[in-house]
Amino acid sequence: MASSAQSGGSSGGPAVPTVQRGIVKMVLSGCAIIVRGQPRGGPPPERQINLSNIRAGNLARRAAATQPDAKDTPDEPWAFPAREFLRKKLIGKEVCFTIENKTPQGREYGMIYLGKDTNGENIAESLVAEGLATRREGMRANNPEQNRLAECEEQAKAAKKGMWSEGNGSHTIRDLKYTIENPRHFVDSHHQKPVNAIIEHVRDGSVVRALLLPDYYLVTVMLSGIKCPTFRREADGSETPEPFAAEAKFFTESRLLQRDVQIILESCHNQNILGTILHPNGNITELLLKEGFARCVDWSIAVYTRGAEKLRAAERFAKERRLRIWRDYVAPTANLDQKDKQFVAKVMQVLNADAIVVKLNSGDYKTIHLSSIRPPRLEGENTQDKNKKLRPLYDIPYMFEAREFLRKKLIGKKVNVTVDYIRPASPATDTVPAFSERTCATVTIGGINIAEALVSKGLATVIRYRQDDDQRSSHYDELLAAEARAIKNGKGLHSKKEVPIHRVADISGDTQKAKQFLPFLQRAGRSEAVVEYVFSGSRLKLYLPKETCLITFLLAGIECPRGARNLPGLVQEGEPFSEEATLFTKELVLQREVEVEVESMDKAGNFIGWLHIDGANLSVLLVEHALSKVHFTAERSAYYKSLLSAEEAAKQKKEKVWAHYEEQPVEESMPVLEEKERSASYKPVFVTEITDDLHFYVQDVETGTQLEKLMENMRNDIASHPPVEGSYAPRRGEFCIAKFVDGEWYRARVEKVESPAKVHVFYIDYGNREILPSTRLGTLPPAFSTRVLPAQATEYAFAFIQVPQDEDARTDAVDSVVRDIQNTQCLLNVEHLSAGCPHVTLQFADSKGDVGLGLVKEGLVMVEVRKEKQFQKVITEYLNAQESAKSARLNLWRYGDFRADDADEFGYSR
């Protein structure tokens with residue numbers, strides 16, 4: 001505390017009291033205060049100053065807990081107004097004082113002035129003038145100070161101020177309440193509205209004693225969501241401060257002690273109330289965290305009403321700067337580069353309810369565990385049949401639901417990964433298995449925290465940590481809040497309903513069961529399935545949801561490189577490109593929803609057939625990417641031509657399994673090619689649709705009457721049994737009925753479901769596509785399914801022409817074709833097959849003119865030159881027509897022959 005030099009007077013005269021200065025920390029009563037000095041490297045010194053020559057009433061005092069017979073002492077009249085008068089005038093202000101008397105017990109009495117010198121307001125005189133204090137009894141006015149006190153008292157009496165007013169002053173006595181009978185009800189009754197209060201005592205940085213106004217409840221308030229270092233009470237009654245406990249206490253005292261504040265009562269803990277203290281200068285909770293005086297605590301942060309994220313951010317601020325209690329802090333991801341802390345990756349596999357495998361931009365795979373959550377697990381005694389092998393996915397309650405939630409939400413999608421911590425590897429113990437190092441992260445997709453979504457549905461629980469354990473999710477509070485909601489609403493693991501049971505039959509390798517099941521799958525046609533595991537490029541394990549069974553499935557029609565095998569006594573190496581084929585299949589179909597057509601089974605009980613993913617045949621795709629060869633058994637299938645076409649294209653590239661392929665001389669391998677004639681067998685068709693890429697759909701004229709009859713019967717059936725609007729839930733790949741703009745119902749296939757209001761459908765008998773709400777869709781009656789009459793619209797492309805890649809040029813060509821042939825009867829001849837669809841020539845039914853040749857003559861397309869002998873005659877005709885269009889500078893040729901300089905730019909090849 002600062003002291004002034006002694007002033008005035010000779011060495012022989014009376015001593016002049018030393019003027020000292022300080023800041024008022026606390027007002028003890030109407031005649032006693034505590035002043036403190038300036039802090040220097042820690043909390044400052046303090047001293048109590050009692051006002052000389054005056055007396056104010058005593059404040060209420062609670063009976064000591066150690067004295068059972070003692071009673072609480074109430075306020076004396078006008079004691080609290082006197083205390084309040086000084087509190088409002090002095091708290092936090094600088095004062096100067098002189099000590100006039102010091103008792104043997106050490107009590108100091110003196111004069112106190114507001115301001116830096118004795119010219120300021122005399123506090124004792126102000127109290128007496130307001131009638132809030134009296135001169136001490138028996139004191140004579142024998143000096144100027146005492147004379148002024150006597151004058152002030154007489155003036156107060158004359159004005160009937162304070163204690164000199166009429167009445168006994170009972171209205172100034174507070175009805176103090178030291179305990180609350182029902183703290184929970186008391187907190188709830190305030191509905192989290194701010195309550196006016198005075199902070200009467202600071203126990204430590206985060207615990208205070210507050211006087212709630214206007215009802216005078218004296219309560220202990222713990223700041224919600226945080227904890228400061230405390231003072232540990234020893235056996236001998238002394239207190240030992242934890243590091244920074246004294247500094248944190250002073251930080252709170254210097255800002256809040258005996259200040260007018262507002263408190264939001266948020267919860268209760270025994271007789272203590274959890275709350276947030278609001279001061280005009282800010283929120284002390286966040287300030288303590290930001291300055292490194294406190295840490296967040298999980299058990300009470302959930303009740304903090306002003307946003308837990310603000311507290312975490314304030315704590316993070318202090319951690320990053322290593323302030324005070326965080327001076328030795330090391331971040332969990334301190335050793336990671338920024339690119340390894342935060343990245344975007346594609347989800348390839350869901351391992352269980354808290355772990356996924358992602359593919360990084362580098363092509364590497366990485367296992368990511370969702371931070372701070374625990375997947376469903378078997379609780380209590382394991383009631384599992386000892387003779388039956390545990391299948392966690394199906395036997396642990398809610399594990400299947402959790403896995404399915406993640407699979408449907410994430411597989412094949414790009415997600416944002418933020419690494420929160422790396423959990424080091426741990427050795428095995430008697431009760432816990434060994435764990436390898438784990439990367440734990442927060443995974444989001446479209447702004448949704450996947451872990452939070454799982455927990456909110458009751459499909460995972462939140463891990464509880466020690467308070468000093470910083471290895472946790474960066475969104476831990478949101479996880480706790482989500483779990484609280486799930487518990488309140490009885491979701492999933494927290495439900496009191498009967499646990500869902502998944503009885504899944506595993507037919508894999510069971511020949512007897514497979515034989516019984518085979519006819520059923522064959523009759524089903526295309527069945528929906530989920531790929532559970534990929535053994536190799538062509539061998540998979542499938543889950544059939546409708547049949548609730550697991551089967552082993554072999555891809556038909558191909559010969560895939562065989563992988564490495566562990567045989568008794570030796571390891572058989574895999575064939576070249578077996579690993580690439582397995583990886584290709586994994587990336588394409590693992591845990592995806594697919595469609596399968598079962599054709600047969602082998603001796604081991606494995607089913608053989610075709611697998612379709614997003615409309616593509618996996619067997620064809622493997623052949624197309626040179627990872628498989630066509631097997632002779634494919635000759636009997638409907639996909640044989642597509643497989644051969646894909647294999648031929650792969651051979652030409654000479655990659656992977658065809659890397660050493662040598663094309664046999666034409667003369668030796670195909671002697672008939674020279675003599676082969678072009679087959680011209682035109683059949684009548686009806687053109688129903690022209691696509692934007694110049695493909696077209698046709699109906700066979702010969703089966704047209706069957707379609708008309710089927711449509712008439714179907715519409716009559718629908719008219720008598722109309723579908724309930726909104727009752728149909730569309731699923732991709734499913735056949736349905738759709739109401740076209742003409743108000744009539746047609747057969748269709750669902751291609752994509754964006755939302756109930758946006759369903760992409762393909763009209764299977766006409767080839768056109770449309771986006772409809774699900775209210776205009778219905779279930780296709782079995783009597784009119786594709787088994788009764790196959791889809792009538794067949795896709796074709798023009799042979800011998802190149803479709804312009806330039807958008808404007810292609811539009812001109814499409815418009816011309818639409819005008820000439822859409823909704824007309826033509827003649828069609830298949831010229832050659834391709835991976836996409838057959839390429840054909842089309843003739844007008846009346847004039848027999850070649851439609852494709854007409855496009856060439858008009859200069860709307862260019863000729864695709866093919867080398868097959870049988871096509872040379874027609875190719876020559878097409879090239880002559882092209883030269884005529886070029887000479888006349890029609891359409892594409894209006895600027896001359898552009899091919900030499902910019903054919904690539906316009907998407908043409910010579």
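Quick caveat, the model's predicted, so the values are computed rather than measured.
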For Arg259, enumerate each residue passing the salt bridge (charged side-chain N to carboxylate O under 4.0 Å, His left out) test, keeping only those at least two apart in sequence or located in another chain.
-> none
With a 6.0 Å cut-off on ring centres, are Tyr178 and Tyr217 close enough?
-> no
Taken in chain and number order and not counting sequence neighbours, the residues that satisfy side chain to side chain contact (heavy atoms under 4.5 Å, CB included) with Arg374 are Arg377, Thr461, Ile463
Kindly indicate whether a cation-pi arrangement holds for Arg321 with Phe317, taking the cut-offs as under 6.0 Å to the six-membered ring centre and within 45° of the axis.
-> yes
ring-ring contact (aromatic ring centres under 6.0 Å, His included) partners for Phe85, two or more places apart | none
Side-chain donor-acceptor pair present, Thr98, Gln20, cut-off under 3.5 Å = no
Answer yes if the side chains of Glu309 and Tyr304 hold a donor-acceptor pair under 3.5 Å, and no otherwise.
-> no
With Glu320, which residues qualify under side-chain hydrogen bond (donor to acceptor under 3.5 Å, both in side chains), at least two apart?
-> none
For Val27, does its backbone N or O pair with a side-chain atom of Gln258 as donor and acceptor, under 3.5 Å?
-> yes
With sequence neighbours excluded, residues passing salt bridge (charged side-chain N to carboxylate O under 4.0 Å, His left out) with Arg174 | Asp75
Side-chain H-bond candidate by donor/acceptor type, Tyr109 with Arg107, under 3.5 Å | yes
Residues which pass side-chain hydrogen bond (donor to acceptor under 3.5 Å, both in side chains) with Glu84, listed by chain and number, not counting sequence neighbours = Arg87
Would you please say whether a donor-acceptor pair under 3.5 Å links the side chains of Gln48 and Asn50?
-> yes
Has the side chain of Asn489 got a donor or acceptor atom that lies under 3.5 Å from a matching backbone atom of Lys491?
-> no
Test item: side-chain donor near acceptor, Asp420 and Ser474, under 3.5 Å = yes
Are Gln192 and Thr305 close enough that a side-chain donor and a side-chain acceptor fall under 3.5 Å?
-> no
Quick one: sort the His171 and Trp78 rings into parallel, tilted or perpendicular, breaks at 30° and 60°.
-> perpendicular
NZ or CZ of Arg83 within 45° of Phe80 ring axis and under 6.0 Å | no
Determine, for Tyr216 and Lys177, whether the Lys NZ or Arg CZ falls below 6.0 Å from the six-membered ring centre while staying within 45 degrees of the axis.
-> no
